[in-house]
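In what follows, a structure is listed as structure tokens, so that the remarks can point back to it.
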There are 2 protein chains.
Amino acid sequence: MYTLTEENYLKAIYKLSVQTGNVSTNQIAASLATKASSVTDMLRKLADKLLINYTRYQGVSLTQTGEKVAVNIIRRHRLWEYFLVEKLNFKWDEVHDMAEEMEHISSTELIDRLDEFMGFPARDPHGDPIPDCNGNFKINDLKPISAIPVHSGGVISGVRDHSSAFLQYLEKQELTIGKKITVKEIISYDNTVVLQMDNKNLHISRDVANNLLIAL
Amino acid sequence: MYTLTEENYLKAIYKLSVQTGNVSTNQIAASLATKASSVTDMLRKLADKLLINYTRYQGVSLTQTGEKVAVNIIRRHRLWEYFLVEKLNFKWDEVHDMAEEMEHISSTELIDRLDEFMGFPARDPHGDPIPDCNGNFKINDLKPISAIPVHSGGVISGVRDHSSAFLQYLEKQELTIGKKITVKEIISYDNTVVLQMDNKNLHISRDVANNLLIAL
DNA sequence: TAAGTTTTTTAGACTTGTCTAAAAATACAA
DNA sequence: TTGTATTTTTAGACAAGTCTAAAAAACTTA
Ligand SMILES: [Mn+2]
Ligand SMILES: [Mn+2]
Ligand SMILES: [Mn+2]
Ligand SMILES: [Mn+2]
């Protein structure tokens, strides 16, 4: 239905507009590692196909159709990531690039059966919600550890940074999804956060605390 | 490593050269539903990359590298077909087009783990052998029903025609892989073949007998 | 409001893979 | 062996997606 490139643009625009509303040409270029001029060309094509709202110099937003397509790509991405981790035993830091290819397999029947085969999982290996076959999903109501007060806590439920480096670090510290943590102290000198987990104390940097999400 | 188009050409050349030795430009064009001139262009590129042996007007054959790539694509195709049938409960006539897309997912680690996940199947849903991770597989030693003498028989083990129409017909007649059949008679008027299967008699046309393969 | 800076768009070119039409090579048949 | 039919290759063009360089629009900021 849509080319691989069109799908990648729509997904990028979707992800950027969740964070920031209207999306700029430069933002898209950065997120796809391409040049602004290439983005402008593609934006005209996507607008012609009624997938985005676009007026020159004004930035873009997705139309309803565009958003539907984008959410569907995300559904496919996250289901394949779940498959790779749960069925093929890959680690959570290994699956993104493979899913990046697999998300473009076009059959909806296939993806719906995959969903069923795995028991309709609600979240992917990184804690991100998996849209159902109608594109519905609840938005993650998660907070970074850096945003909760001392002496409060919750369950590790997601990450903001999806890089291998970050995921591998978390795995090593056993800061994985499902673990219960409490913030014991914030060291004012450098904002290091002291966590309690499994009755042990653990020091994490401000950076890590910003990118590790918990459900209260 | 190779583009989707390059992979499709290599697979087509491989399949044609199994049947006929050196492959002609027109054969490739027909098998990929493209034009001879497009094929010529691509042949020059594949030859530059040392994937095929090509001299103008002489037809082509795969180099060792080219053959390795082709066999690997076939491995991926057949493993995904097996997955779709055995894990996602698709029927054998529904999976080819999906596998046609999935065979281009590039990770070897992924395909090897998929292979393991399914218990290293030897044959795909159509009875075709699945190459192992080193590209080894035994060539199907199967004969069309039309080629065996009256009163002999064997086990249905593969098909020569992979079209939905043919596969659906076989399914309906319960002429599926694993069934034991015996040739009772060949009606000389129109070469209809009378089979015995499950203690019942079944008439199949010469065409069907040509495309249904059995192991003796 | 007038520079100056940054962002976005346009112009023109390149690559991959495709096509049609025409030319060249090969095959076949009298 | 010569002429015709078929196959294959070349020439030139096009669409998708990308790039660099330059122009235009939109912001900043004094
Ligand atoms: Mn991912
Ligand atoms: Mn994910
Ligand atoms: Mn197939
Ligand atoms: Mn098959």
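Since the model is a prediction, treat every value here as computed from it, not as a measurement. Residue numbers start from 1 in every chain, and the chains themselves are labelled A, B, ... in the order their sequence lines are given, proteins ahead of strands.
- Residues B/Ser163 and B/Asp161 have side chains that bring a donor and an acceptor to within less than 3.5 angstrom of each other.
- Side-chain atoms of A/Tyr54 lie closest to C/dT9 of the nucleotides D/dT8, D/dT20, C/dT9.
- Distances from the side chain of A/Gln58 to the nucleotides D/dA26, C/dC19, D/dC19 place D/dA26 closest.
- Heavy atoms of A/Thr25 sit under 4.0 angstrom from primed sugar atoms or phosphate atoms, though from no base atom.
- Residue A/Asn26 places at least one side-chain N or O under 4.0 Å from the OP1 or OP2 atom of C/dT8.
- Taking atom CE of residue B/Met42 and atom C1' of nucleotide D/dT8, one finds them 17 Å apart after rounding to whole Å.
- If you measure from atom CG of A/Leu32 to atom P of D/dT18, you get 8 Å, rounded to the nearest angstrom.
- Atom CG of A/Asp41 is separated from atom P of C/dT15 by 17 Å (rounded to the nearest Å).
- Among the nucleotides D/dT20, C/dT26, C/dC19, the one closest to the side chain of A/Ser37 is D/dT20.
- Nucleic acid contact class of B/Thr40 (heavy atoms, under 4.0 Å, all strands): base.
- Distance from the side chain of B/Thr5 is smallest to C/dG17 among D/dT18, C/dT8, C/dG17.
- If you measure from atom OH of B/Tyr2 to atom P of C/dG17, you get 14 Å, rounded to the nearest angstrom.
- B/Arg44 has a side-chain polar atom (N or O) that falls below the 4.0 Å cut-off from OP1 or OP2 of D/dT10.
- Between the CG atom of A/Leu46 and the C1' atom of C/dT9 there is a distance of 16 Å, rounded to whole Å.
- Using a 4.0 Å cut-off, no side-chain N or O of B/Arg56 falls inside it from OP1 or OP2 of C/dT26.
- Checking side-chain atoms of B/Arg78 against main-chain N and O of B/Pro129 turns up a donor-acceptor pair under 3.5 Å.
- Put simply, B/Thr3 has a side-chain N or O that comes within less than 4.0 Å of OP1 or OP2 on C/dG17.
- Protein atom CD1 of A/Ile28 is 12 Å distant from nucleotide atom P of D/dT18, rounded to whole Å.
- Nucleotide D/dA15 holds its C1' atom 12 Å from the CD atom of A/Glu6, rounded to whole Å.
- Within the structure, every side-chain polar atom (N or O) of A/Lys45 is placed at least 4.0 Å from both OP1 and OP2 of D/dA16.
- Heavy atoms from other residues, nucleotides or ligands lying under 6.0 Å from NZ of A/Lys87 number more than 12.
- Separation of atoms NE2 (B/His162) and CG (B/Asp128) is listed at 4.0 Å; rounding is to 0.5 Å.
- Note on B/Tyr57: every side-chain N or O is 4.0 Å or more away from OP1 and OP2 of D/dT10.
- For B/Lys49 and C/dT15, the NZ to C1' distance is 11 Å, given to the nearest whole Å.
- Scanning both residues, B/Gly127 and B/Ile177, for their nearest heavy atoms gives N-CD1, 3.4 Å.
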